[in-house]
Engineer: 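Okay, handing you the structure first.
Lettering follows sequence order; numbering is per chain, from 1. If you're wondering where the values come from, they're calculated on a predicted model, not measured in any experiment.
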Protein chains: 2
Amino acid sequence: MSVSPSITDDQAIELADMFRLLGDPSRLRVVLTCLGAPICVSDIATLTRLSPSLVSHHLRLLRAARILRAERLGKQVFYTLADHHVRCTITDMVAHVAEPAETIDTDAADVNVAA
Amino acid sequence: MSVSPSITDDQAIELADMFRLLGDPSRLRVVLTCLGAPICVSDIATLTRLSPSLVSHHLRLLRAARILRAERLGKQVFYTLADHHVRCTITDMVAHVAEPAETIDTDAADVNVAA
DNA sequence: TCGTCATATGAACAGATCTTCAACTATGAG
DNA sequence: CTCATAGTTGAAGATCTGTTCATATGACGA
C-alpha cells in the first residue's frame, strides 16, 4: 500500500535512504566535491578539510549506495558520480535548494484551507 | 570557501539539513502524505500507520524546518507543504528517485575498478 | 461545568551514527 | 627488498535520533 499517489512504500524507503546519506554535512560536501571531474581521496580530504580516514569511511557508504563510483589510477583512487542519472538527480536537488526559487507561479494560487 | 562550483558551504549545510529531515522513512512518509490536499494529523497517522504521537513529533520538526505549514480548523490541525517552492523541490526529488532512470546511457559503459 | 476528541509535549531508553585513532593493505620508486 | 605514499578498515566512544509512554493543552458539545 502506497502512502502517496505515485510512489510505493519500498520506493519511499529507497528514497529515504538516499536522503539519509546526503543528510550529513560532511558526506554531502564529499559528494559535491565529486560533481566535477574525477577526484582522488586526498584531494577530497583537502578540499573538504576532513581527515582522509573520515573521507574514506564516507566514500565507502556512498559507493555502497551506488552514488559514487571508484576508479584506481596508480596509487590513487578517483571518485565520480556513479552514473548520469545520479548526477542529474543530485545536480537538480542542489540547484533547487541553492536557488532562491525562480520558476514559481503555474499554480501558486490554489487550495487554501480556509481560515 | 565553497567546496564545489556554484554552492557555498552555508548552502551545503542548509541542503544537508533538508536531506537529513527527509532521510527518515517514517518522516518522509509523513511528508509524502502532505503532498496532496491539506491533511489532519490523525489521517496522516492512519495512512502512514504511525502513532499520532510520533507523527506529531515529526510534524514539529518539519514545521520548524519550514517544510510543512499547519492550519487549525476546529479541533483538527491540517498540514500542507509550506510553499510552492518546497513542493516543487520535493516533488522533483521524488520523481527523480521514483523513476527507473530515463535519460541514461551517455556514459553508462566504462571501466570498472573495484576488484 | 464536565467529558471527550484531537494534538502536542517532555522524559527516557534503545539503537544508530559520526568521528578519531591505530593498524593494515596496495602501489610504485629507488 | 625496503621505503614512502595513498587509501582502507575495524574498534571504540561520544553524540544524536527515533520511538514510546504518560501527561498536558486546546476545542467543541452536552
Engineer: Rest of the hydrophobic cluster containing A/I13 (Ile/Leu/Val/Met/Phe/Trp/Tyr, side-chain heavy atoms under 4.5 Å)?
Structural biologist: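 Members besides A/I13: none; it forms no cluster.
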Engineer: Strictly under 4.0 angstrom, non-hydrogen atoms only: write out the protein contact profile of nucleotides 2-16 of chain C, one letter per nucleotide from the 5' end, B, S or -.
Structural biologist: ---BSSBBB------
Engineer: If the condition is side chain to side chain donor-acceptor pair (under 3.5 Å), which residues does A/D43 pass it with, not counting sequence neighbours?
Structural biologist: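 Scan of A/D43 (side chain to side chain donor-acceptor pair (under 3.5 Å), adjacent residues dropped) gives none.
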Engineer: Tell me the interatomic distance from A/F19, atom CZ, to D/dG18, atom P, rounded to whole angstroms.
Structural biologist: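 Checked: the CZ to P distance equals 15 Å.
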Engineer: In this structure, are over 12 heavy atoms from other groups packed under 6.0 Å from B/R63 atom CZ?
Structural biologist: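 More than 12 within 6.0 Å, yes.
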Engineer: Starting at atom CG of A/L50, determine the distance to atom P of D/dT8, rounded to an integer number of angstrom.
Structural biologist: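 In whole Å, D/dT8 P and A/L50 CG are 14 Å from each other.
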Engineer: How close or far is atom P of D/dG18 from atom CG of B/L22, stated in whole angstroms?
Structural biologist: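 Going from B/L22 (CG) to D/dG18 (P), I get 12 Å.
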Engineer: To the nearest Å, how far apart are B/L28 CG and D/dT19 P?
Structural biologist: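 It is 12 Å, rounded to the nearest whole Å.
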Engineer: Rounded off to whole Å, could you give me the CD1-to-C1' distance for the A/I39 and D/dA6 pair?
Structural biologist: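 Answer to the nearest Å: 14 Å.
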Engineer: Who pairs with B/I90 by side-chain contact (heavy atoms from CB on, under 4.5 Å), at least two apart in sequence or on another chain?
Structural biologist: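 Partners of B/I90 under the side-chain contact (heavy atoms from CB on, under 4.5 Å) test: B/M18, B/L22, B/V31, B/L35, B/I67, B/L81, B/V86, B/M93, B/V94.
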Engineer: Going by side chain to side chain donor-acceptor pair (under 3.5 Å), name the residues that satisfy it together with A/R60, two or more places apart in sequence or in a different chain.
Structural biologist: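 Residues passing side chain to side chain donor-acceptor pair (under 3.5 Å) with A/R60: none at all.
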Engineer: Please determine if a side-chain N or O atom of A/H58 lies less than 4.0 Å away from the OP1 or OP2 oxygen of C/dT17.
Structural biologist: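 No, A/H58 has no side-chain N/O under 4.0 Å of OP1/OP2 on C/dT17.
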Engineer: When the distance from CD1 of A/I44 to P of D/dA6 is rounded to whole Å, what number comes out?
Structural biologist: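 For the pair A/I44 CD1 and D/dA6 P, the rounded distance is 14 Å.
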Engineer: Nearest-Å distance, CG (A/L73) to C1' (C/dT27)?
Structural biologist: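 About 12 Å, once rounded to whole Å.
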Engineer: Mind checking side-chain contact (heavy atoms from CB on, under 4.5 Å) for A/S53 and listing every partner two or more places apart, or none if nothing turns up?
Structural biologist: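 If we apply the side-chain contact (heavy atoms from CB on, under 4.5 Å) test to A/S53, skipping adjacent residues, the hits are A/S51, A/H57.
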